[in-house]
Chemist: 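Below is one structure. I have some questions about it.
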Amino acid sequence: MPRVTLTSANPARQTADALVVAVASSPAGPRLVGADWLPSETVRQVADLAGVLGITGAADEVRRLPAAGKLAAKAVVLTGVGALEGAVPEAETLRRAAGAALRELTGATAVAVALPAEDAEQVAAVAEGALLGAYAYTRYRSADADAAAPAAEITVLTPRARDKAVTKAVARAEVLAAAVHGVRDLVNAAPNDLFPAAFADAAKAAVKETGAKVKVTVLDEKALAAGGYGGILGVGQGSARPPRLVKVAYTPSRPAAKVALVGKGITFDSGGISIKPAAGMDAMKSDMAGAAAVLHTVLAAARLELPVAVTGWLCLAENMPSGTAQRPSDVLTIRGGKTVEVLNTDAEGRLVMADGLVAAVEEKPDVVLDIATLTGAQLVALGPRVSAVMGDDSTRTEVVDAAGAAGEAFWPMPLPADLRAGLKSKVADIANIGDRFGGMLTAGLFLQEFVGSTPWAHLDIAGPAFNEKAAFGYTPVGGTGVGVRTLLALIEARAVR
């Protein structure tokens, strides 16, 4: 990941491969934002070439101009912030504009960012967006990896470069971006490399690499059987690569709160016996994005030394069809004793999550949050960029507020009691699927059965976790790392309650 430095030097004199400047759209045409320092020749160049180069100032638009010796930088990069309601872009607008620019500037070594950055919030947004945009996944590239590499050095220009609050905010942005990058790397990994045991090893390696004070406990298939984790075992029994439950625990002295996170970690989801259509199945390597988000949120909380105890549960299995796979009509016993009739083996995420939720609740946290690429119904309801959140009213609101502060899109959804009847089973305590309509909500109602009275929220990130279309803002194609920023913001809020 690139390193970020701050400077209050004149942007026009900043040496770099590229100098990033904001441009807004307006009825009168594009206008530069916070760039009074630009030489008049450069300003005229932007105006003269706007039509030819397609410069409009729209969000996600990135255009490059040669500096032509008028600046210390080699090129000027104009990044769109859209139509501004106020004089200064909002934090998420800055985050997205910086990210779009850095995402486009592959191959550039040093990039200077001269977006509006007058206070700690703005500087943090610029730094965070730039870092999130400066990402490339090249693990499997045999050639041209250097050409796809993001910038190695990012300089943020701000008059508050020596302000302690600003430097602290940038340090947090670096930790947060590293966590998001870690999630993206896991999601993008090929499923023949990232299976349950390999994921568990990756979790241990990540803890060791960061130097965070986090304890890792791994339950293999024998320990899972001894512990009564029937959901994880049932889902994983069709694969030659057995399941795992990984617990990652960060426990500071005298914590102000105790938060439990549970993540779905299906390292590949074929659907099992209820097999998925071939089209689009390749994206099912991303079905472990929730577990990845949980792992790196715990590590980020530890690196930031937050005064909150955070325990993550990674529910890892590979859902495959075979002679040993679970069948529709099988009955599983979840940890704690509740039985589930499996009517569809492709509704497997809720089965592993049930075990994880019970284990998390047993430790009596103040709140438990689960995050999962759980239902295709989430995509139908909210599309590929907006995640859903369900749960008790207070916790659901807490998640939505944290998402708003972090710049992620989460929408509150209900848990209608009348839909619970669809989960009735003729032979077990509950069935793993209900009626066709309201599938996202029914999945939430299923999970609710395993949390008791503990404050709880369920985050369904099925669409936003994996971007199958064009990159936008600071979001690349492939794994996005969604959820980490929201979870971390919620934990930070709990620290100061």
Side-chain angles (χ1 to χ4, degrees), residues 2 4-5 7 9-26 29-84 89 93-117 125-136 138 144-158 470-477:
V4 175
T5 58
T7 181
N10 185 340
R13 299 176 183 174
Q14 183 65 39
T15 302
D17 294 319
L19 179 64
V20 179
V21 180
V23 58
S25 58
S26 74
R31 64 180 181 84
L32 296 166
V33 179
D36 295 341
W37 45 268
L38 274 174
S40 57
E41 296 92 330
T42 303
V43 174
R44 282 197 299 271
Q45 185 183 29
V46 171
D48 293 342
L49 296 178
V52 176
L53 297 179
I55 302 170
T56 68
D60 291 344
E61 177 186 279
V62 179
R63 299 288 185 265
R64 309 184 199 195
L65 294 172
K70 303 300 181 181
L71 299 165
K74 297 177 182 178
V76 177
V77 176
L78 304 176
T79 185
V81 295
L84 299 181
T93 300
L94 290 171
R95 195 180 287 118
R96 185 164 171 170
L102 267 294
R103 179 173 51 77
E104 290 284 338
L105 289 171
T106 54
T109 300
V111 176
V113 184
L115 301 184
V126 171
E128 187 180 315
L131 288 167
L132 291 174
Y135 173 83
T138 59
D144 299 325
D146 291 340
E153 301 175 9
I154 298 172
T155 301
V156 176
L157 294 120
T158 172
F472 59 94
Y474 46 74
T475 303
V477 173

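Since the structure is predicted, the reported quantities are computational estimates derived from the model, not experimental observations. Residue indices begin at 1 and follow the sequence shown. As a basis for the values below, the full set of heavy atoms in this structure was taken, side chains included, without hydrogen atoms, waters or symmetry mates.
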Chemist: With a 4.5 Å heavy-atom cut-off, do Tyr474 and Arg103 have their side chains touching?
Modeler: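 Tyr474 vs Arg103: side chains apart.
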Chemist: Check step by step if side-chain contact (heavy atoms from CB on, under 4.5 Å) holds for Arg31 and Leu84.
Modeler: CA-CA 11 Å; Arg31 64 180 181 84; Leu84 299 181; 3.9 Å; yes
Chemist: Strictly distance-based, threshold 3.5 Å: is any side-chain N or O of Arg63 a donor or acceptor partner for the main-chain N or O of Thr79?
Modeler: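 Looks like no, no N/O pair under 3.5 Å.
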Chemist: Taking the side chain as every heavy atom from C-beta outward, state whether Val21 and Leu115 have any atom pair closer than 4.5 Å.
Modeler: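 Side-chain contact under 4.5 Å: no.
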Chemist: Would you please name every residue forming a side-chain contact (heavy atoms from CB on, under 4.5 Å) with Ala18, sequence neighbours left out?
Modeler: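 For Ala18, the residues satisfying side-chain contact (heavy atoms from CB on, under 4.5 Å) (neighbours in sequence not counted) are Val77, Leu105.
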Chemist: Under a 3.5 Å distance rule, please check whether Asp60 uses its side chain to pair with a backbone N or O of Phe472 as donor and acceptor.
Modeler: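 No; zero donor-acceptor contacts below 3.5 Å.
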Chemist: Tell me if a side-chain donor or acceptor on Asp17 pairs with a main-chain N or O of Ala108 at a distance below 3.5 Å.
Modeler: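 No, Asp17 side chain to Ala108 backbone: no donor-acceptor pair under 3.5 Å.
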Chemist: Between CG of Leu102 and CD1 of Ile154, what distance do you get to the nearest 0.5 Å?
Modeler: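 CD1 of Ile154 is found 4.0 Å from CG of Leu102.
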Chemist: Could you tell me whether a side-chain N or O of Glu61 sits under 3.5 Å from a main-chain N or O of Gly57, the two making a donor and an acceptor?
Modeler: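 A pair under 3.5 Å: yes.
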Chemist: Hey, which of Val46, Val20, Leu71 is the one that makes side chain to side chain contact (heavy atoms under 4.5 Å, CB included) with Val76?
Modeler: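 Going through Val46, Val20, Leu71 one by one, the side chain to side chain contact (heavy atoms under 4.5 Å, CB included) with Val76 is satisfied by Leu71 alone.
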Chemist: Does some side-chain heavy atom of Val81 sit less than 4.5 Å from a side-chain heavy atom of Val23?
Modeler: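 When only atoms from C-beta onward are counted, Val81 and Val23 do not touch, as no gap falls below 4.5 Å.
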Chemist: Would you give the length of the straight line joining atom CD of Gln45 to atom CD1 of Ile55, rounded to the nearest 0.5 angstrom?
Modeler: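 Reported value, rounded in 0.5 Å steps: 8.5 Å.
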Chemist: Strictly by modelled atom types, are Thr56 and Ser25 linked by a side-chain donor-acceptor pair under 3.5 Å?
Modeler: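 No, Ser25 and Thr56 have no side-chain donor paired with an acceptor closer than 3.5 Å.
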Chemist: Which distance, rounded to the nearest 0.5 Å, do you find between the NZ of Lys74 and the CG of Leu19?
Modeler: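 Reported value, rounded in 0.5 Å steps: 13.5 Å.
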Chemist: Report the distance from atom CG of Leu65 to atom OG1 of Thr42, rounding to the nearest 0.5 Å.
Modeler: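 So the CG of Leu65 and the OG1 of Thr42 are separated by 8.5 Å.
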Chemist: Please round to the nearest 0.5 Å and tell me the distance separating atom CZ of Arg96 and atom CD of Glu128.
Modeler: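 That separation rounds to 14.5 Å.
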Chemist: Could you grab the distance from atom CG of Leu78 to atom CZ of Arg64, nearest 0.5 Å is fine?
Modeler: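 Here the interatomic distance stands at 11.5 Å.
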